[in-house]
Amino acid sequence: MSGDVVLQVDDLRTHFRTDGGLVKAVDGVSFEVRRGEILGLVGESGSGKSVTNLSILRLVPTPPGIHAGGRILFDGTDLLTVPERQLRAYRGNRIAMIFQDPMTSLNPYLRVSRQLTEVLELHEGLDRGAARRRAIELLEMVGIPDPGGRIDQYPHQFSGGMRQRVMIAMALACKPELLLADEPTTALDVTIQAQILELIAGLARELGTAVILVTHDLGVVAGVADQVAVMYAGRIVERGPVDAVLTNPQHPYTAGLLASVPRLDTRGALTPIQGMPPDLTRLGAGCAFAPRCPKAFDRCATYPAWAGTPARGAACWLADGGEVGR
Amino acid sequence: MTEPKTERAVEVVQGTSLWQDAWKRWRRHRVSVVSAVVLAVVLVACLVGPPIVELVWGWTYAGQDVALGPTAPSLSHPFGTDVLGRDVLVRTMHGGRVSLAVAFVATFVSLVVGVTYGAVSGFVGGRVDATMMRIVDLLLSTPYLLLVIVLMAVIPPSKVSIAGLDGSFVLMFGALGLVSWLVLARIVRGQVLSLKQREFVEAARAIGVRPWTILFRHIVPNTLGPVIVYSTLTIPSVMLSEAFLSFLGLGIREPQASWGTLVNDGANAMVVYPWLLLAPGMTMTVTLFCLNFLGDGLRDALDPNARETA
Amino acid sequence: MSDVLLDVRDLQVHFPVMGKGVFPKVTGHVRAVDGVSFQLRRGEILGLVGESGCGKSTTGRAILRLIEPTGGRVVFDGQDVGALRGEDLRQLRRRMQIIFQDPYASLNPRMTVGDIIAEPLRAHGLVSGRQALQARAQELMTRCGLDPKFVRRYPHEFSGGQRQRIGIARALASGPDLIVCDEPISALDVSIQAQILNLLQRLARDEGLSYVFIAHDLAAVRHLCDRIAVMYLGRIVELGTYAQICDAPAHPYTQALVSAAPVPDPRIERTRQRIVLQGEVPSPLSPPSGCRFHTRCPARQPTRCHDEEPDAREVRGRQVACHWAE
């Protein structure tokens, strides 16, 4: 394994048992993230992007979730098999996580200072005073004005954008090697979104943190990600450097997404993807996108082999390096 | 799932309403279904039991056989007889009629009054709401037992006898109905207040639907889930109240019987003739148990989210 | 018949804020909408954009009098909406409709789709008889891209995009002239957003509808709208054609908004200059003196921005409320 690789996910499978049948939310996902790299994990609701992220820290509730297979290698250990206690030592320390709604992960009854210093005391072994000084430093770093005054406030006294900053400050408290960000800006306004994305990009650049950025917004990916993995119905359908994927998509789904997003810089006709995302309990053996795909043909009845290298390619019979879509 | 009756150019697919969904979920709740069956058996027994027994054996709830006196359960009298030689089985079934009637009628009254009152209060809002809710607060804060006791002590039962119904009966309905709708009205008002803010209600306003249509088509049907659950739990509490009042000698009077009076009489003779307590007591306990289980099942079925978060 | 369908003049919506105590007194007002004026021509689509809390949704609802305006006038097709009472107002609702953001919350879960769509027809006595209502509902479903055989299904049996189509069909049922679209696509998946945008566009063209299209996504607004009004803290700061606003914004706030909106093309993203605004949106409870944007404005100049409220004036063919824009 290259020394650069922080996290390697191998053939991850996370399923859910539901009333409607077995849902293969994540079904054979593989990727890796390197130091200082931002990987954009793109997909729509139900594509399995968030479940993938949760699986990395084993935060999928079981039941109804089932870890049906695969390996998640972090620093040589498989996170799927390590004892719960060792995993807890990773969480919030070497691997941090931020969510779409910061209110769900901040305790509304505790002052921000307490929540920040707790992490520092627990994982970094700092004493009270040192932890507090470090906490103020962190708040300043994420751009909260008057950190010394605001640190003793409660989460509800912060606005949405400021709360997300507090979350990021907490995530950074122990200088994690890996940051899992699940739609961190979806609930925020665009001007605030720009600030938060800038902050995350700065972390990767300056601290060398590897980031997995889960989002549905191709614009966000274009702005900050280095690598992109596009997910559809529980699998990665396209993978590659951000420039290659967004300007020369190999998979018809990626091409379809790009053609259906209204853009600020031009005003062309939108070509929506027809139909609806598939019912995950009724996936056949073929390509899950085939029913909506304008280029589907008889071979699509079997799931396409990966075309290209692990670092750049797509799961499509038409993607042998040639262009599709656009 | 197409309906054969609607044979038109376009075939129409029938949807599954939330009620049908709830019905499906409820049927999976086995304890609740068994409880419903047991309740149905008790109910039917109480309704058709007395006339059948009278027809076949000639015993009625008031028919005495002083010469026979109290006898232990036997083949001819499965629940035994009491000190006056009356068949306890018939009396239990008859008492069940009274108890269940009181419970169901009082609950039904509380349902109608409570839902209407709460819905109007929450929907109209403002001063009307404030006034209506203060009235509820006032009634809730009076010790209701005292209210009922005073009511029943002051008004002689013979004066309020309606349409041949025994006066004590009418008083019981009145007294229990008077208090049992209060909590329901509060529950419904709370529901209405939150539903009023929902977008589909705003959508109805935007469309130009008349206010009362909004209330009764859009809001009230969406409050019924919790209302039904609360009602199934009101029935046992009303039954207990009735039993308690009768136990105090304020409820149903001889020779009428209810489960409450039967248990009361049985308790007095408990040491010598235990079956006098056990027969009505057990029947009542089983009924109450079943009602509670039924309510549990209905709650899970009608409000699946509550179960997940609980 | 005048060309102007909707004339909004100095519209104000102030919500009283109650103090605490047994007999609460009004302690202040949230100035959600504070002097908004614009005109909408027949067949025109006007975008209303801004960040959360800027008052755009409140403006939309105040036009329809779903929220009572506290000042100003709304004139719809020559009728003063604010002066209408009871039955007259109800009659007017036939001609002004709304589409909501949340396709889950805006449909009554206990009614069939047919009943939901036919409700405006029933409320205004436009069609009577069960059969006729259902037939009309099916026709509207077809027009909005829904399969009419599902007329007796319930909302929970549909996906988000389909539910939004149901909401659109309901809004169309009474044959309105104006539809207020309150963020109709922001709760939908990316691939579905384009479908709904295209549907709205087609309907506007085919039926000659006018929209007030409320959104926070500038790209979607640019795609659909003829003119765009940008709101900040209860006021319109800039109003012009889509090209004026998106390609050459004049107000510093519009400039920041445009620069922050991501474009799904990494090559363009790298060349863009992002204007990152300082701080947060001030509370509408006590908006800043003078120009409301001056606390965050990168182009503010001493004393005048702080002291004097800028009036809308014409700059390069559009209305701008800024002292310095040119």
Side-chain angles (χ1 to χ4, degrees), chain B residues 1-25 125-127 130 134 191 194-228 302-305, chain C residues 60-61 64-67 86-87 89-116 119-124 131 134-135 138-139 141-142 147-158 167 170-171 173-174 176 179-180 182:
Chain B
M1 282 217 302
T2 47
E3 206 181 52
K5 273 180 252 166
T6 52
E7 279 172 356
R8 252 173 291 137
V10 192
E11 251 185 284
V12 169
V13 178
Q14 283 296 329
T16 322
S17 73
L18 292 181
W19 296 118
Q20 287 164 308
D21 261 3
W23 171 245
K24 273 190 214 152
R25 274 194 298 272
R127 292 222 176 108
R134 287 307 80 72
Q191 291 272 319
S194 79
L195 284 165
K196 217 164 66 159
Q197 306 296 325
R198 293 275 292 277
E199 270 189 356
F200 68 82
V201 173
E202 200 177 13
R205 282 174 57 212
I207 286 166
V209 179
R210 289 187 175 80
W212 295 110
T213 316
I214 292 182
L215 179 59
F216 288 106
R217 183 162 357 153
H218 292 276
I219 295 181
V220 170
N222 281 292
T223 64
L224 289 186
V227 166
I228 289 172
L302 290 167
D303 193 359
N305 298 327
Chain C
R61 281 168 166 74
L64 301 178
R65 268 187 69 190
L66 291 173
I67 294 173
E87 188 60 20
L89 178 63
R90 205 180 71 82
Q91 287 299 329
L92 187 74
R93 299 212 180 280
R94 196 171 63 72
R95 300 186 51 202
M96 304 163 81
Q97 276 301 317
I98 179 166
I99 299 168
F100 293 90
Q101 171 178 9
D102 185 346
Y104 292 84
S106 58
L107 305 176
N108 186 341
R110 308 223 174 252
M111 284 167 71
T112 65
V113 168
D115 284 340
I116 291 171
E119 185 154 42
L121 302 171
R122 205 173 323 167
H124 294 287
Q131 299 273 317
Q134 180 172 314
Q138 288 181 314
E139 186 193 313
M141 287 174 80
T142 313
D147 190 334
K149 75 177 179 204
F150 296 133
V151 68
R152 293 215 199 136
R153 284 211 165 168
Y154 290 83
H156 64 99
E157 298 173 276
F158 292 87
R170 171 175 63 186
S174 60
I179 299 182
V180 173
D182 187 8

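Below, chain A is the first sequence line, B the second, and so on; all start at residue 1.
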A.B. asks: Could you tell me which non-hydrogen atom of B/A203 sits nearest to which non-hydrogen atom of C/S106, and how far apart they are?
C.D. replies: CB-O, 4.0 Å
A.B. asks: Name the member of C/I98, C/V113, C/L107, C/I99 that forms the most heavy-atom pairs with chain B at distances under 4.5 Å.
C.D. replies: C/L107
A.B. asks: Applying side-chain contact (heavy atoms from CB on, under 4.5 Å), name anything that partners B/R127, two or more places apart in sequence or on another chain.
C.D. replies: none
A.B. asks: In terms of heavy-atom pairs under 4.5 Å with chain B, which of C/G167, C/A123, C/P176, C/A173 leads?
C.D. replies: C/A123
A.B. asks: Answer yes or no: is there a side-chain heavy-atom contact under 4.5 Å between C/S174 and B/I207?
C.D. replies: no
A.B. asks: Between C/L92, C/D115, C/N108, which residue shows the highest count of heavy-atom pairs closer than 4.5 Å to chain B?
C.D. replies: C/N108
A.B. asks: Can you list every salt bridge (Lys or Arg N to Asp or Glu O under 4.0 Å) pair that touches residues 206-220 of chain B, not counting sequence neighbours?
C.D. replies: B/R210-C/E87, B/R217-C/E119
A.B. asks: So which of C/R65, C/M111, C/R94, C/Q91 has the biggest tally of heavy-atom pairs under 4.5 Å with chain B?
C.D. replies: C/M111
A.B. asks: So, does C/R93 use its side chain to make a donor-acceptor pair with the main chain of B/R205 at under 3.5 Å?
C.D. replies: yes
A.B. asks: Any heavy-atom pair between the side chains of C/F100 and B/E202 that's under 4.5 Å?
C.D. replies: yes
A.B. asks: For chain B, find which of C/R122, C/R110, C/M96 contributes the most heavy-atom pairs closer than 4.5 angstrom.
C.D. replies: C/R110
